Every structure is written in structure tokens, then in C-alpha cells.
Protein chains: 2
Amino acid sequence: MELQDNAPKLRRKARGRPRGWDDKTAQNTIKSLDRAMEVFEYLSQAQGKALTELSDEMRQAPATVYRILVTLQGRGLVEFDHEEQVWHIGPQAFVIGSRFLRRTSLVERARPIMRKLMETTGETANLGIEKEGLVLFLSQVETHESIRAFFPPGTLSPMHASGIGKALLAHMDEDRLNRRLAAANLQAFTDQSITSPEALKKDLTTIRLRGFSVDNEEKTTGMRCIAAPVFDINREAVAGLSVSGPTSRVGATEVERLSRPVMEAARQLTLAIGGTVLSPQP
Amino acid sequence: MELQDNAPKLRRKARGRPRGWDDKTAQNTIKSLDRAMEVFEYLSQAQGKALTELSDEMRQAPATVYRILVTLQGRGLVEFDHEEQVWHIGPQAFVIGSRFLRRTSLVERARPIMRKLMETTGETANLGIEKEGLVLFLSQVETHESIRAFFPPGTLSPMHASGIGKALLAHMDEDRLNRRLAAANLQAFTDQSITSPEALKKDLTTIRLRGFSVDNEEKTTGMRCIAAPVFDINREAVAGLSVSGPTSRVGATEVERLSRPVMEAARQLTLAIGGTVLSPQP
DNA sequence: TTATATTTTTCATATCATGAAATAGTCTTT
DNA sequence: AAAGACTATTTCATGATATGAAAAATATAA
């Protein structure tokens with residue numbers, strides 16, 4: 001885990017909680033700039049296009065798109081390929097974009113999203129990553145209920161008996177998964193625990209298809225857990241978000257209801273860390 | 001109603017070598033967009049600034065900077081930190097910027113080669129290219145050791161004090177090298193830094209002859225780095241591969257041992273991108 | 001050559017970006 | 001609590017400048 005948030009210069013004092021300025025009303029946007037950024041964004045996912053292709057597809061005048069590109073080119077944000085006569089994203093865009101990473105950690109980004117997740121579901125929200133074949137719980141926002149699921153941050157837990165763990169396994173590439181399964185022994189913690197590689201693989205397929213995993217009292221009797229994966233820029237599952245609670249509140253019927261907000265939270269966190277959202281498909 | 005636009009849009013034939021359009025005259029730039037991009041760029045290297053700090057430092061009207069930021073925020077290119085009331089680069093900038101790497105298959109092709117290089121040497125492997133007289137680090141596979149060399153992707157570094165940089169310089173043609181040396185001032189970062197053009201040229205000759213370069217604590221005291229160039233089809237050095245580690249593990253005697261796998265990895269990457277292998281001779 | 005496609009430049013027009021200043025919101029001090 | 005001191009938004013009048021149409025320039029094709 002990398003937490004490198006070493007703000008040396010104390011900016012201004014942290015204020016309490018501003019209210020009125022919170023929402024940038026977005027009526028103050030600059031139209032021409034927004035259009036230019038639309039071109040920038042479009043080009044980034046449709047690289048190698050000629051000017052007229054771009055202007056056609058974006059329904060903008062060629063002259064306009066041309067000037068936008070030339071301007072961005074001046075700063076290295078886009079690049080013109082002389083051989084092919086087409087446009088690409090430039091190195092400076094990479095340099096600037098990379099500076100995004102030097103700031104906040106996954107945990108910080110997750111915090112507000114987890115808080116909201118806890119509020120909408122009423123259950124404890126958890127964040128975990130994989131570490132050496134185990135799930136490492138990084139952060140938790142606890143429910144107000146008096147019966148709670150509790151994983152102190154720093155807890156390590158086997159992947160096959162954890163909602164987050166299974167969500168991560170479900171998106172692991174075949175090779176790594178097989179090696180993992182060959183090495184690991186699937187310890188039983190309860191009579192619900194998955195102990196055979198075949199059963200686990202079947203569950204993982206289901207998880208991949210529907211987009212979330214369920215820990216059905218597989219680690220602790222009386223506790224259910226619904227988790228969804230968080231992806232990085234390379235579409236790799238790097239973390240998982242979950243809610244967990246006692247079976248008394250989280251019945252089998254609640255699973256469907258709770259899965260929506262969990263998946264939505266995972267989607268939001270994926271976007272917040274600059275990841276690529278993967279729609280639940282095989 | 002929208003008119004459908006389902007033309008097959010076959011790419012266009014690669015043209016020979018256009019002459020007249022090569023230089024975008026840069027008189028067609030859009031002023032307001034350029035100013036906005038200046039704010040974007042400035043913010044990226046001075047993150048965590050409040051609106052007025054930015055507008056003061058950039059000598060722009062607060063209202064103008066404000067509208068630029070709000071517009072960019074609308075696309076996630078910048079972000080507003082409500083706690084601190086300051087601005088940062090946003091996740092979408094990272095997403096777009098990262099698409100620069102997709103342009104060439106260099107990074108993709110390099111990835112498995114770098115992983116293997118890291119495993120055989122035990123040290124962090126790096127991939128870099130030249131960008132405007134600097135080395136731009138594109139990708140990294142980190143060692144498992146707890147003491148690591150760390151160049152986050154996106155980092156820029158002077159060429160004369162970098163293993164990859166020197167490997168690239170060593171294969172630059174005489175003219176360009178001389179112009180480069182005339183223009184650049186060879187800044188000293190440590191007492192090992194090469195600061196005279198003569199010394200650098202001599203080192204470059206050595207590098208060309210033996211096929212790899214060594215950064216002997218020239219940028220950072222306590223860090224050594226061994227690098228080799230990657231060539232394209234025209235025998236031009238377009239990238240460099242390196243391993244870097246602390247002097248405690250990478251002693252002067254290790255250099256010889258590590259140089260083999262580095263050169264081999266560079267050779268493999270050269271082949272992987274369809275380049276022409278250049279056997280180490282003048 | 002001529003014809004066609006694509007990229008630049010020119011130019012007239014009115015859009016809309018701009019900064020000054022007013023207003024609103026927040027923190028600090030009394 | 002209220003005033004004072006900042007900072008962030010919004011308003012508004014103005015003209016700078018972004019825009020698209022069309023012409024010119026440059027390339028490809030026949």
C-alpha cells in the first residue's frame with residue numbers, strides 16, 4: 001500500500017465544513033473550453049484519427065477541431081503523426097495525468113464513498129485489498145446498529161472465505177487463479193465454507209457475471225457479506241468494497257437489495273482512483 | 001431525429017511523406033484554450049492551491065481561473081477538495097493521460113519482459129523514452145525488496161544523469177548530440193554527476209561499445225542503475241530499459257552481472273516491437 | 001494533366017470570454 | 001452576537017476572439 005501524502009506546506013487552515021460553496025453550480029462553465037476538452041477526451045479514446053474523421057464524428061466544423069488540436073499540440077497534450085497523418089494523445093497528457101496518483105491513497109478516496117454506502121445500507125462498510133494471497137482489510141465505516149460485523153483494519157483473512165476476497169479472485173486471470181488454487185488449501189471455517197476448487201470456480205463465475213460476491217456465513221456463522229470489485233486503470237481488480245452484517249438483518253432476501261449500492265459504491269471508487277469501470281460481463 | 005452516420009470509415013491509406021503540412025504554424029492557436037491549458041498544467045505541478053493562490057501566481061483574474069477550473073471540473077480533469085478548499089488534478093486527467101501509453105504497443109510489449117527482468121535481477125525494472133530532452137519514465141515493475149528505487153511513471157528526469165538517458169544519448173547521431181550538449185547545462189545532482197561535455201562524450205562512447213550504461217549515483221546518492229537501449233526498425237534508440245537499486249545491493253561488482261540480463265531484455269523488447277537489434281559496436 | 005480529398009487560412013460576424021465590481025459565504029476577532 | 005476580514009461566486013457591460021463558411025493550399029488518385 002502506498003500512502004505518500006506528505007503535504008509539507010500547510011495550505012490554509014482546514015475549514016470546518018463549508019456549505020454554500022460546495023456545489024459548483026456549473027453554470028459558470030466556459031463553453032469553448034468545454035468543447036475543446038470534449039475533443040481532447042474523444043481523441044483519447046479514439047486515437048489515430050485524421051482531422052476530418054474527428055470533426056465528422058463529433059459534428060464540429062473541421063476548422064474548429066483543427067484549431068483545438070493545434071493549440072493542444074503546442075503544449076504536447078496531443079500529437080500529430082506525420083507518417084499516418086493522424087492525431088494522438090501526447091506525452092504531456094501522460095505527465096500531467098500521472099500527477100494525479102501522487103496525491104491521495106485508495107483509503108482516502110474510499111472514505112466518503114464508504115460512509116455513504118454505510119448510510120444507505122445501514123451496515124458496516126469495508127475496504128480490502130489482496131496481500132500475499134490474503135485479504136487485507138484497510139478501512140471500515142461501522143454501522144450504528146449495536147450488533148455489528150467487525151474487522152479491525154489490518155486484519156488478514158483467507159480469500160476464499162471472504163466477500164472481498166472472492167470478488168478479487170473472480171477477476172483474476174485464469175493462470176494466476178489456478179496457481180493460487182493449486183497452492184492454497186481451502187480451509188473450512190463453517191459448514192457453509194467453500195472447500196472444493198470446483199465449487200469455488202463455479203461461484204467465481206457467478207460473481208463475475210452478476211458483478212458482486214456474497215459471503216454466506218462462509219467464515220463466521222451468523223454473518224453475511226456482499227462485496228464488489230474496484231478496478232484500476234488496467235482493468236485489474238485491485239480492491240474490494242463490501243458491506244457485512246448479521247444474518248438477522250442481512251437475510252437471503254436482503255442480498256439483492258444490498259448488492260445495488262455496493263456495486264454502485266465500487267463503481268464510484270473505481271472512477272475516483274482513475275480506474276476503468278468493468279461492466280459485469282464474463 | 002438524427003441522420004445516421006454509419007459509413008465504414010476505413011482508415012485512410014498511409015501516405016508517403018507530406019511536406020507542406022508538416023509544421024503546424026501555431027498561429028491558429030486558440031488563445032483562451034491555451035490559457036486554460038496553462039492553468040491545467042500549472043495546477044498539475046502545484047496541486048493543493050486555493051483559487052486565489054492560483055490566480056495570484058498566474059496573474060490571471062480570479063474569475064477567469066475560477067471558470068476554467070469549474071469547466072475542467074465538470075469533466076473530472078480537476079478536482080476540488082472540500083475539506084481543504086483547494087484544487088487538484090482529477091482522475092479523468094489520469095485516465096486520458098494513461099491512454100498515451102496505448103498509442104504504441106511499447107509499454108504492453110515491455111511489461112512481461114520487464115517482469116522477467118525484475119525477477120532475474122531482483123531489482124526494480126524501468127522503461128523510459130525521451131521527451132523534449134528529458135527522460136520520461138513510462139512503466140515500472142517494482143522489486144519485492146523493502147529498499148527500492150522508485151520512479152513513478154510520468155516522472156521526468158535529465159538525460160545526462162540517468163541510465164536510460166545516457167543509453168539513449170549514446171545512440172544519438174553526432175549532430176543532434178552536439179546540439180543537445182551545446183544547449184543543455186549539465187547540472188550536478190551529486191558529486192558523481194557528469195558535468196562536462198567531454199566527460200559525458202567519453203562515457204557515451206564506452207556505453208556504445210559495451211552496450212549498456214551505468215548511472216553511478218549520478219542523480220541520487222546511494223542509487224545505481226544499469227540501462228540498455230531499445231531500437232526501432234530504423235536502428236534508432238527509441239526507448240531504454242533499466243534496473244535500479246540501492247548501492248548496498250547493486251555494488252560496483254554487481255554491475256557486470258546485472259548488465260547481461262538488462263541487455264538481453266532490451267534485445268527482446270527491440271525484437272518485440274519489430275526493431276532491429278544493434279550489436280554493441282561503434 | 002484533371003479530379004477528388006483533406007488540411008490550412010482568410011474573413012465577416014456575433015458569440016461569449018473577460019475583468020471589475022458587487023454579492024454571498026465563511027472564518028476570526030471582539 | 002456582530003463586525004471585520006477574507007475568499008469564493010455571480011453579475012454585467014464590453015470588446016476581444018472563437019466560430020463556421022468558404023477559399024486557398026496541399027496531397028492523392030486516375
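Below, all heavy atoms of this structure are taken into account, side chains as well, without hydrogens, waters or symmetry copies. All figures in this text were calculated on a predicted structure; none of them were measured in a lab.
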When you measure from the side-chain N and O atoms of [X] to the phosphate of [N], is any distance below 4.0 Å, counting only OP1 and OP2?
X      : N       : result
N28(A) : dT10(D) : yes
Y66(B) : dT9(D)  : yes
T52(B) : dC6(D)  : no

Can you name the side-chain contact (heavy atoms from CB on, under 4.5 Å) partners of [X], sequence neighbours left out?
X       : result
R267(B) : E264(B), L271(B), V277(B)
L156(B) : V95(A), K131(B), L134(B), L136(B)
F150(A) : Q140(A), E142(A), P152(A)

Would you mind reading off the distance between [X] atom [atom1] and [N] atom [atom2], rounded to a whole angstrom?
X      : N       : atom1 : atom2 : answer
D56(A) : dA5(C)  : CG    : P     : 12 Å
E53(B) : dT7(D)  : CD    : C1'   : 11 Å
H82(A) : dT26(D) : NE2   : P     : 16 Å
F80(A) : dA27(D) : CZ    : P     : 11 Å
L54(B) : dT9(D)  : CG    : P     : 13 Å
L69(A) : dT19(D) : CG    : P     : 12 Å
I68(A) : dT19(D) : CD1   : C1'   : 10 Å
R59(B) : dT18(C) : CZ    : P     : 19 Å

Pairs: protein N or O with nucleotides 11-17 of chain C N or O, under 3.5 Å:
unit_1	atom_1	unit_2	atom_2	d
dA17(C)	OP1	S32(A)	N	3.1
dA17(C)	OP2	K31(A)	N	3.0

Before giving the answer on side-chain contact (heavy atoms from CB on, under 4.5 Å), spell out for Y42(A) and E57(A) the whole-Å C-alpha distance, their side-chain angles and the decisive distance to 0.1 Å.
CA-CA 10 Å; Y42(A) 186 82; E57(A) 291 166 22; 2.5 Å; yes
Per the salt bridge (charged side-chain N to carboxylate O under 4.0 Å, His left out) rule, what does the pair list look like for residues 95-109 of chain B, sequence neighbours excluded?
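Salt bridge (charged side-chain N to carboxylate O under 4.0 Å, His left out) check on residues 95-109 of chain B returns E79(A)-R103(B).
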Please, which pairs that meet ring pair (Phe, Tyr, Trp, His ring centres under 6.0 Å) have at least one residue in residues 98-124 of chain A, sequence neighbours excluded?
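Output for this query lists F100(A)-F94(B).
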Can you tell me how the ring of F151(B) sits relative to the ring of F137(B), calling it parallel under 30°, perpendicular over 60° and tilted otherwise?
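Ring orientation of F151(B) relative to F137(B): parallel.
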